[in-house]
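Data block below; observations after.
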Amino acid sequence: MKSRIYGIIGIRAVMANWNADFTGYPKALSNRDIFGSDKALKYPMKKMWEAQGEKILYVKSYKVDKGDEKKNKNGEINLRPKSLRERYDEIFETNLKETKDKTEVIKNLFNAADVKSFGVTFAEEKNNISITGAVQIGQGFNKYAGTYVEGQQILSPFRDSSKDNSEKGEANQSTLGTKIVSDEAHYFYPFVVNPQAYKEYVKMGVTEGYTEEDYKKFKEAALVSATYFNSNSKIGCENEFSLFVEVKEGHYLPDLAQYIKFIKTEEGERIIELGFDNLLNDMKENILSVEIYYNNLNLKLRHKIAGAKEFNIFTGKEV
């Protein structure tokens with residue numbers, strides 16, 4: 001693969017919380033603009049690839065510590081997240097401590113689907129390796145001005161046993177929790193695929209480079225991974241838009257997501273206005289293809305990009 005791909009991934013969140021901060025509220029800047037981190041988008045991609053049988057390095061996994069020396073002061077056995085080295089040893093069925101050839105470590109890293117796309121910072125003793133990923137994803141800003149954040153109180157079926165000795169009667173009460181959601185939000189993430197990012201590693205013989213097959217895998221995740229990933233807070237989140245612009249070698253595009261507008265009319269019609277028509281039309285001699293995937297059941301699209309092909313994001317059929 002030689003050509004760069006520039007694009008946008010759009011995520012819809014309805015009565016859901018796409019990316020919460022440590023307070024439980026949707027992440028926001030100091031000016032209250034809501035956004036989602038690149039990690040929030042990469043996580044469902046990695047979980048989808050993992051379910052498909054791919055090796056995934058950067059995802060939390062756990063170990064049960066066995067033996068008296070691993071028990072805590074109360075004699076309980078600990079459940080702990082694995083370290084980076086432990087995760088590496090697990091998925092590659094090896095022992096990093098005994099590995100003396102650093103190129104073998106790099107080869108293994110490139111065999112992990114998440115590393116092949118997003119790169120890695122592998123900070124382990126004697127094996128400090130940093131790989132800049134071929135796929136770079138920016139922060140995804142909510143473009144819908146009417147987003148409202150609300151908290152829902154949830155009644156647990158259980159009491160809090162830690163208050164059994166309380167004199168206020170709390171031990172007889174069920175516990176309360178809060179679920180915080182956005183009534184409606186529309187996040188748009190910019191991304192760029194640079195297949196030449198691994199040029200030096202190809203020369204080293206540790207990878208074949210970023211291939212068409214790698215891009216196909218990323219493109220599939222860019223279309224369906226949020227829809228695929230259904231947790232309690234993500235059940236109202238789904239992929240609703242993706243744009244892929246392939247340019248000729250030696251030509252470059254800016255962050256396209258900054259020009260997107262999301263409009264909701266008084267009649268409830270939802271419109272995505274691209275806003276970079278003139279830019280792409282002026283560069284049409286250096287653009288190989290423009291593909292736009294969107295949920296045409298809920299959305300209308302406004303643009304005048306010459307030669308752009310439009311597809312239903314769920315069926316993949318041209319509209």
Side-chain angles (χ1 to χ4, degrees), residues 1-11 18-19 35-59 91 106-122 129-141 187-202 204 206-229 239-258 260 276 287-293 313:
M1 185 173 173
K2 294 182 178 180
S3 303
R4 285 193 183 215
I5 311 289
Y6 292 85
I8 302 168
I9 298 171
I11 305 294
W18 170 245
N19 188 196
F35 74 99
S37 75
D38 61 308
K39 310 297 186 298
L41 181 59
K42 290 173 183 175
Y43 184 73
M45 290 183 172
K46 290 188 282 189
K47 295 303 287 184
M48 184 176 126
W49 290 333
E50 187 178 40
Q52 293 172 345
E54 299 286 347
K55 289 181 171 66
I56 302 296
L57 180 65
Y58 263 73
V59 69
I91 67 172
I106 299 174
K107 281 181 183 179
N108 281 339
L109 291 174
F110 273 115
N111 283 325
D114 56 330
V115 175
K116 193 68 179 292
S117 278
F118 308 131
V120 70
T121 299
F122 192 75
I129 299 164
S130 179
I131 298 172
T132 301
V135 179
Q136 295 296 317
I137 300 175
Q139 308 298 294
F141 282 89
Y187 298 84
F188 292 89
Y189 286 87
F191 72 84
V192 58
V193 180
N194 175 15
Q196 301 302 317
Y198 304 141
K199 204 175 197 180
E200 295 304 314
Y201 295 103
V202 173
M204 289 168 59
V206 294
T207 179
E208 75 280 23
Y210 193 80
T211 66
E212 291 285 351
E213 189 61 32
D214 294 323
Y215 172 61
K216 182 180 177 183
K217 196 180 299 179
F218 167 73
K219 187 176 182 181
E220 180 190 14
L223 293 171
V224 303
S225 60
T227 308
Y228 154 84
F229 187 70
N239 295 84
E240 67 173 352
F241 177 87
S242 282
L243 169 80
F244 304 89
V245 181
E246 184 178 4
V247 300
K248 291 181 180 178
E249 284 190 77
H251 296 276
Y252 313 98
L253 290 174
D255 164 6
L256 297 176
Q258 64 183 306
I260 285 237
F276 43 80
I287 290 176
L288 299 174
S289 66
V290 179
E291 293 181 355
I292 306 170
Y293 295 78
I313 197 167

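Note that these values count all heavy atoms, side chains included, but never hydrogens, waters or copies made by symmetry. Keep in mind that what you see is a predicted model, and the values were worked out from it rather than measured.
Counting only heavy atoms from C-beta outward, the side chains of D114 and V120 never approach each other to under 4.5 Å. F118 has its side chain out of reach of Q136: every pair of non-hydrogen atoms, C-beta onward, lies at least 4.5 Å apart. The closest side-chain heavy-atom distance from S117 to Y210 is below 4.5 Å. Looking at heavy atoms from C-beta onward, I5 lies out of side-chain contact with V192 at the 4.5 angstrom threshold. Side-chain contact between V245 and V247 is present, with at least one heavy-atom pair separated by less than 4.5 Å. Inter-residue side-chain proximity for E220 and K216 is flagged as unmet; no heavy-atom pair is nearer than 4.5 Å. Residues P190 and I137 have side chains not in contact (no heavy-atom distance under 4.5 Å, counting atoms from C-beta outward). Contact annotation: the side chain of E240 never approaches that of I313 to less than 4.5 Å [non-hydrogen atoms, C-beta and beyond].
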Verdict with supporting geometry, Y201 and I131, side-chain contact (heavy atoms from CB on, under 4.5 Å): CA-CA 9 Å; Y201 295 103; I131 298 172; 3.7 Å; yes
Candidate pair N194 and V135, rule side-chain contact (heavy atoms from CB on, under 4.5 Å), full reasoning: CA-CA 6 Å; N194 175 15; V135 179; over 6 Å; no
Intermediate values then yes/no, side-chain contact (heavy atoms from CB on, under 4.5 Å), T207 and K107: CA-CA 6 Å; T207 179; K107 281 181 183 179; over 6 Å; no
Residue pair S225, W49: steps toward the side-chain contact (heavy atoms from CB on, under 4.5 Å) verdict: CA-CA 9 Å; S225 60; W49 290 333; over 6 Å; no
Verdict with supporting geometry, E54 and K217, salt bridge (Lys or Arg N to Asp or Glu O under 4.0 Å): CA-CA 11 Å; E54 299 286 347; K217 196 180 299 179; 3.3 Å; yes
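Ion pairing between K219 and E291 holds under the 4.0 Å rule for side-chain N and carboxylate O. A salt bridge links K116 and E208; the closest N-O separation between the charged side-chain nitrogens and carboxylate oxygens is under 4.0 Å.
Considering NZ of K248 and OG of S3, their distance stands at 9.5 Å, rounded to 0.5 Å. Between L57 atom CG and E50 atom CD the span is 11.0 Å, to the nearest 0.5 Å. R4 CZ to E246 CD: the interatomic distance, rounded to the nearest 0.5 Å, is 13.0 Å. We find the CG-OH distance between N19 and Y187 to be 7.0 Å, quoted to the nearest 0.5 Å.
For the pair D38 (side chain) and G138 (backbone), a donor-acceptor distance under 3.5 Å is absent. In terms of modelled atom types and a separation under 3.5 Å, the side chain of N239 and the main chain of I11 share no donor-acceptor contact. Without hydrogens or angle criteria, Y198 side chain to A134 main chain gives a donor-acceptor distance under 3.5 Å.
Between Y189 and W18, the ring planes are perpendicular. Angles over 60° get that label, and only those under 30° would be called parallel. Relative orientation of the F218 and Y215 rings is tilted, given thresholds of 30° and 60° on the angle between their planes.
Under the 6.0 Å cut-off for aromatic ring centres, F229 and Y43 qualify, their centroids lying closer than that. Side-chain rings of F191 and F244 approach one another, their centers coming within less than 6.0 Å.
Between N111 and K55, the shortest heavy-atom contact is O-CB, 3.9 Å. When all heavy atoms of S130 and T121 are compared, the closest pair comes out as OG-OG1, 4.3 Å. Taking both residues in full, the closest heavy atoms of A197 and G133 are given as CB-O, 4.3 Å, listed atom of the first, atom of the second, then distance. Shortest non-hydrogen contact noted between E249 and K2 is OE2-CD, 3.7 Å.
For E200, the salt bridge (Lys or Arg N to Asp or Glu O under 4.0 Å) test picks out K203, with sequence neighbours left out.
The cationic group of K46 does not satisfy the cation-pi geometry with Y58, failing either the under 6.0 Å distance to the six-membered ring centre or the 45° limit from the ring axis.
In summary, of the residues considered (I292, I260, D255), a side chain to side chain contact (heavy atoms under 4.5 Å, CB included) with I8 occurs for I260 alone.
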